[in-house]
Amino acid sequence: MPEKFDCIVVGAGPAGTACAYELAKAGVNVLLLERGEYPGAKNVMGGVLYRKMMEDIIPEFYKEAPLERPIVEQRFMMMDKESAVTFSYKGLEWGREPYNNFTVLRAKFDQWFAEKAVEQGALLVCETVAVECIVENGRVVGVRTDRPDGDIYADVVVLADGVNSLLAKQLGFHREWRPDEVALATMEILKLDKSIIEDRFNLEPNQGCTIEIFGDATKGIVGTGFLYTNKDTLSIGVGTLLSGLIKHKIKPYELLEYVKNHPMIRPYIQGSEPVEYLAHLIPEGGYHSIPKVAGNGVLVVGDAAQLVNAIHREGSNMAMTSGRLAAETIIMAKEQNDFSESMLDQYRMKLMESFIGQDLKKYKDATHHFERFPQYFEQYIPMMNRAASQMFTVDGLSKWEKQKKIWRDLGSTKQKFKLARDMMKAWKVMK
Amino acid sequence: MMKAQTIEEKQYLVRFNADTKSHLHVLDDNICLTKCPDKICTIFCPAAVYKWEDIRMHVGYEGCHECGSCRIGCPHENIRWEYPRGGYGIVFRLG
């Protein structure tokens with residue numbers, strides 16, 4: 001291993017690999033470090049990969065990447081104990097080029113993506129932990145790994161070390177995350193025949209469906225459940241803020257069992273065989289939690305920089321775009337041979353001008369709002385279910401009578417005002 | 001009846017390449033004993049790594065998913081959390 005590289009990227013997930021790919025393609029001498037046995041060995045995601053941001057890096061990747069199914073339908077269930085109000089959009093335009101998004105299994109996909117970076121000339125070294133950044137005279141000059149004689153030097157280090165973001169924390173770019181800045185997600189991969197999946201989810205071969213589940217999936221805690229179709233498996237999971245699990249003293253795997261056995265969910269997964277169980281944190285602090293992302297000789301990308309839009313379950317796309325923007329900045333810095341913070345800070349500006357900064361800003365108060373005011377999940381979703389049941393149950397009552405009953409179910413005048421105020425507030429944090 | 005209901009059954013589905021020494025350390029069992037009636041890590045840990053044994057916290061690091069929840073969620077910052085050595089620890093095969 002040569003002693004010095006132009007750039008060291010720590011972590012071969014979507015952010016780090018995107019960055020290494022772009023750098024190698026531009027002829028930059030880049031080392032991609034991964035602590036797992038292979039890229040993807042430590043990585044977990046519900047499973048939705050967005051076409052646009054991936055194609056910004058590798059055009060027409062979908063012709064060769066290991067993908068599961070292109071998603072043609074996205075459902076949203078507002079679930080109560082024995083009922084659900086469901087919204088859905090299904091569009092066949094998503095089932096053909098240019099596609100919208102795909103389900104993927106990360107262990108397969110991340111390996112493929114990292115191999116593509118290697119083809120471009122990146123050096124991938126697995127089974128190596130970067131334990132700290134080497135800092136000299138106020139600038140990051142390399143990383144210390146857990147290998148013997150494991151100090152490696154570079155002009156610039158990209159921290160793509162994931163949600164725990166230990167290296168940026170060591171540099172003082174952020175404090176330890178709070179339990180309300182991360183969501184703990186557990187999930188299982190369930191094996192099920194292709195044809196059964198297609199029958200149950202109303203799909204043609206090579207079409208996929210995603211279901212996001214709100215309300216009773218998390219027993220009213222802020223969070224969501226999800227159920228995604230892969231080729232011959234399903235991914236089912238549930239994520240809630242860590243602070244919610246602590247407050248309600250809930251075991252995450254018991255919550256996952258609760259979702260799997262919920263009468264609205266169980267028929268989808270009946271007869272399937274669990275083949276893997278996974279747990280991971282998701283950074284959900286949003287805009288307010290984005291740390292310092294550029295310093296002297298160092299950049300922070302992806303989950304490590306809290307780049308997740310929890311409301312729209314987008315993260316891998318932000319990871320890839322942030323990796324690409326970091327690479328652009330490094331290429332510019334290399335041309336001018338200036339890796340100072342003031343130079344690298346252009347990455348932060350690019351990030352904030354892109355959809356990443358814009359979307360995170362748009363929803364900057366959303367997660368906190370729904371955490372502070374549990375009535376949305378605890379009361380309003382069940383209320384919505386009761387209203388739908390009342391309106392669509394034919395029992396001889398006139399529709400006017402039914403509307404009156406629904407109106408009465410909203411509670412006293414005071415409660416109705418509160419409801420109206422809450423709806424306004426929800427609009428304000430989402431608009 | 002659904003399969004793999006208990007955490008023990010779920011953990012059997014996962015591949016681990018356990019190191020011989022732990023990457024997780026409870027700094028002071030006495031803090032768990034005297035200051036932490038809930039022992040909340042024994043509840044929120046998704047792999048049930050932490051088990052309270054009368055006066056001390058048993059840490060089954062071999063089954064850790066390396067998520068980081070215990071480090072962030074411990075109300076007394078009483079857990080030292082590192083990554084396992086390169087190549088060791090959990091090995092996800094699919095998701």
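Only this structure's heavy atoms are used, side chains among them; waters, hydrogens and symmetry mates stay out. Numbered from 1 within each chain, the chains take letters A, B, ... in sequence-line order.
- Contacts of A/Asp110 with chain B are absent, with no heavy-atom separation under 4.5 Å from either backbone or side chain.
- For a residue to count as touching a neighbouring chain, one of its non-hydrogen atoms must lie under 4.5 Å from one of that chain's; by this rule A/Glu254 does not touch chain B.
- Side-chain N or O atoms of B/Arg93 include one that pairs as donor or acceptor with a backbone N or O of A/Val275 at under 3.5 Å.
- The greatest number of non-hydrogen atom pairs below 4.5 Å with chain B, out of A/Pro179, A/Gly46, A/Gly47, is found for A/Pro179.
- When the candidates A/Leu255, A/Leu245, A/Val131, A/Leu242 are compared by the number of heavy-atom contacts under 4.5 Å with chain B, A/Leu242 comes out ahead.
- Remark: the backbone N or O of B/Ile90 is paired with a side-chain donor or acceptor of A/Lys42 at under 3.5 angstrom.
- For A/Asp146 (side chain) and B/Arg85 (main-chain N/O), no donor-acceptor pair under 3.5 Å exists by modelled atom type.
- The contact between A/Leu278 and chain B is made by backbone and side chain atoms together, counting heavy-atom distances below 4.5 Å.
- Environment of NZ in B/Lys35: sparse, with no more than 12 heavy atoms of neighbouring residues, nucleotides or ligands closer than 6.0 Å.
- Neither the backbone nor the side chain of B/Thr6 comes within contact range of chain A; no heavy atoms are under 4.5 Å apart.
- Put simply, CD on B/Gln11 and OH on A/Tyr253 are 9.0 Å apart, with the number rounded to the nearest 0.5 Å.
- Here the shortest heavy-atom pairing between B/Phe44 and A/Pro252 reads O-CG, 3.2 Å.
- Heavy-atom pairs under 4.5 Å with chain B peak, among A/Thr145, A/Ile250, A/Thr128, at A/Ile250.
- To the nearest 0.5 Å, the span separating CD on A/Glu37 from CG on B/Asn17 amounts to 6.5 Å.
- Of the listed residues (A/Lys249, A/Glu127, A/Glu276, A/Lys108), the one with the most heavy-atom contacts under 4.5 Å to chain B is A/Glu276.
- In this structure, chain A has a heavy atom under 4.5 Å from the backbone of B/Tyr88, while its side chain stays farther away.
- Counting non-hydrogen atoms of neighbouring residues, nucleotides and ligands closer than 6.0 angstrom, the CG atom of B/Asp38 exceeds 12 such neighbours.
- Only the side chain of A/Tyr38 comes within less than 4.5 Å of a heavy atom of chain B; its backbone N, CA, C and O stay farther away.
- Contacts with chain A (heavy atom to heavy atom, under 4.5 Å) involve these residues of residues 66-77 of chain B, listed by number: B/Glu66, B/Cys67, B/Gly68, B/Ser69, B/Arg71, B/Ile72, B/Gly73.
- Looking at B/Val91, both its backbone and its side chain come within 4.5 Å of chain A, counting heavy atoms on both sides.
- Heavy atoms only, all atoms of each residue included: B/Pro46 and A/Thr186 are closest at CB-CG2, 3.9 Å.
- For residues 162-171 of chain A, the interface with chain B (any heavy-atom pair closer than 4.5 Å) comprises A/Asn164, A/Leu166, A/Lys169, sorted by residue number.
- Interatomic distance, B/Ile7 CD1 to A/Glu257 CD, rounded to the nearest 0.5 Å: 9.5 Å.
- A pairwise comparison of heavy atoms in B/Phe92 and A/Tyr277 identifies CE2-O, 4.0 Å as the closest pair.
- Within the 4.5 angstrom heavy-atom criterion, no atom of B/Cys41 approaches chain A.
- For A/Leu281, the parts lying near chain B are the backbone and the side chain together; criterion is any non-hydrogen pair under 4.5 Å.
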